[in-house]
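What you are looking at is a predicted structure, and each value in this text was computed from that prediction instead of being measured. Note that ligands are numbered from 1 as they come in the structure, with each ligand's atoms numbered from 1 the same way.
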Amino acid sequence: MENKKNYSVAIDGPSGAGKSTLARSAARELGILYVDTGAIYRTAALFVRSRGADPDSEAEAAAILPDLKISIGYGADGLQRMYLDGEDVSDAIRLPEVSMLASRVSSLPAVRAFLLEMQRSLAKEQSVIMDGRDIGTVVLPGADVKIFLTASAEERARRRFLELEKRGTPKDYDELLREIEERDYNDSHRAAAPLRQPEDGVTLDTTGLDFRQSLERLLEIIRGRMAL
Ligand code: DC
C-alpha cells in the first residue's frame with residue numbers, strides 16, 4: 001500500500017545486535033531507503049586517522065573538520081557506499097581497527113555536530129530506515145517509529161564468533177565478548193549523545209531469535225505503527 005507521506009524509522013542499539021542487516025532487509029521489504037549512520041562515523045574516523053589527528057582530541061578534530069568531505073552514494077545493488085574526498089572507502093571502513101577508532105571519534109561533540117545535518121537531510125526527501133545510536137533521541141526525534149534493537153552481549157559475541165569462523169578468520173570468543181563490552185561501555189557512557197533507549201520507542205530483544213524471526217518482528221512493529 002502506498003503511503004502519502006514520507007515516514008522515518010529510527011533503529012538504535014548496541015554494536016552487533018544485527019541492526020544493519022535487519023534494517024537493510026526491512027528497508028528492501030518496505031521499498032524505502034536504508035541509511036547506515038555507523039558507516040558515516042567510520043568514514044569520519046578514517047579521515048581523522050589519515051590526518052594523523054588524535055582520535056580523542058576535540059580540539060584537533062575541530063581544526064580539521066572543515067576539510068572533511070564525506071558523501072554517500074547508492075550502488076546499482078541499492079547498497080550504501082561511502083566516499084571520502086571522492087574515494088570509495090566502503091571496504092576500508094569495515095576493518096576491525098576502524099571499529100574502535102569510530103567509537104572514539106564518535107564521542108567528540110564536534111564530530112557529532114558536523115555530521116548531524118547530513119544525516120537529517122537524508123530523511124527529509126524520502127522515507128528512510130536509519131540505524132545508529134542516537135537516531136530516535138537526537139537525529140530524528142520526530143521519527144514515526146523508534147526501535148531499540150538489542151541482544152545480550154553473550155549472544156552478540158556468539159553471533160560474531162560464528163560469522164568470523166564462517167569467513168575463515170576465527171577469533172577467540174572471550175576476546176570478542178570483551179570487545180563488545182568495551183564498545184558498549186564507550187557508546188553508552190560518553191557525554192555526547194550516549195546510546196540510550198528512546199522513551200517513546202519499542203524495544204526488540206533478539207536474544208534467542210534467528211534472523212527470519214527478528215526480521216518478522218521488526219516488520220510487524222513498523223507495519224503496526226504505520227498501518228502499512
Ligand atoms: O554501527 P557501527 O558499529 O558501524 O558504528 C561505529 C561506531 O560509530 C560505534 O562505535 C558507535 C558510533 N556511532 C554513533 O556514535 N552514532 C551513530 N548514529 C552511529 C554510530
Side-chain angles (χ1 to χ4, degrees), residues 8-27 33-49 55-56 58 61 65 68 70 72 79-82 84 89-123 128-143 146-151 153 156-157 159-160 163-164 171 176-198 201 206:
S8 51
V9 180
I11 302 189
D12 291 302
S15 308
K19 292 188 302 292
S20 306
T21 339
L22 284 169
R24 189 181 304 118
S25 301
L33 186 73
Y34 164 56
V35 180
D36 171 1
T37 64
I40 303 176
Y41 282 95
R42 287 167 179 271
T43 305
L46 269 193
F47 169 72
V48 166
R49 188 175 70 176
D56 301 311
E58 172 80 354
L65 278 170
L68 173 55
I70 286 190
I72 299 190
L79 294 185
Q80 177 176 321
R81 312 292 302 175
M82 293 306 306
L84 177 59
V89 293
S90 312
D91 295 328
I93 59 171
R94 298 296 158 198
L95 293 172
E97 67 268 23
V98 179
S99 302
M100 199 49 85
L101 205 57
S103 180
R104 291 163 69 187
V105 165
S106 66
S107 304
L108 305 174
V111 171
R112 304 202 71 85
F114 187 88
L115 299 176
L116 187 59
E117 227 11 77
M118 171 177 196
Q119 297 172 77
R120 284 189 177 153
S121 65
L122 288 163
V128 294
I129 291 189
M130 198 175 273
D131 83 352
R133 304 295 187 287
D134 62 339
I135 308 305
T137 51
V138 178
V139 179
L140 305 176
K146 297 183 185 181
I147 294 164
F148 192 78
L149 190 79
T150 188
R156 287 181 282 135
R159 288 179 191 164
R160 184 84 183 127
E163 188 186 318
L164 291 175
K171 214 167 153 177
L176 288 169
L177 180 60
R178 202 181 40 73
E179 278 174 15
I180 283 184
E181 286 173 339
E182 189 180 340
R183 283 178 68 196
D184 280 359
Y185 186 88
N186 274 353
D187 295 346
S188 53
H189 286 78
R190 65 184 181 213
L195 171 67
R196 62 184 173 80
Q197 205 154 330
T206 66

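- Under a 4.0 Å criterion applied to the non-hydrogen atoms of Ser103, ligand 1 contributes the atoms 10 (O).
- Against a heavy-atom cut-off of under 4.0 Å, Gly132 is close to the following atoms of ligand 1: 17 (C), 18 (N), 19 (C).
- Neither the backbone nor the side chain of Arg104 comes within 4.0 Å of ligand 1, counting heavy atoms alone.
- The single protein non-hydrogen atom nearest to atom 7 (C) of ligand 1 is Ala102 CB, 3.8 Å, given as residue, atom name and distance.
- Among protein heavy atoms, atom 12 (C) of ligand 1 sits closest to Ser106 OG, 3.4 Å.
- Interface of Asp187 with ligand 1, defined as ligand atoms under 4.0 Å from a residue heavy atom, comprises 9 (C), 10 (O), 11 (C).
- Considering each of Arg112, Arg183, Arg94, Met130, the one bringing a non-hydrogen atom nearest atom 16 (N) of ligand 1 is Arg112.
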Exercise. Assess whether side-chain contact (heavy atoms from CB on, under 4.5 Å) is satisfied between Thr37 and Val139, documenting all intermediate values.
Key: CA-CA 10 Å; Thr37 64; Val139 179; 5.9 Å; no

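- Close contacts between ligand 1 and Thr37 involve ligand atoms 17 (C), 18 (N), 19 (C) [criterion: under 4.0 Å to a heavy atom].
- At under 3.5 Å, a nitrogen or oxygen of Arg42, whether backbone or side chain, sits near a nitrogen or oxygen of ligand 1.
- Exactly one of Arg156, Arg196, Arg178 qualifies for a salt bridge (charged side-chain N to carboxylate O under 4.0 Å, His left out) with Asp184. That residue is Arg156.
- For ligand 1, one of its N or O atoms has an N or O atom of Arg133 under 3.5 Å away.
- At the top of the distance list for atom 8 (O) of ligand 1, counting protein heavy atoms only, stands Tyr41 CB, 3.6 Å.
- Ser8 and Leu140 get closest at one heavy-atom pair: CB-CD1, 4.1 Å.
- Considering backbone and side-chain atoms alike, Asp134 places an N or O below 3.5 Å from some N or O of ligand 1.
- At a 3.5 angstrom cut-off on N or O pairs, Ser99 does not count as close to ligand 1.
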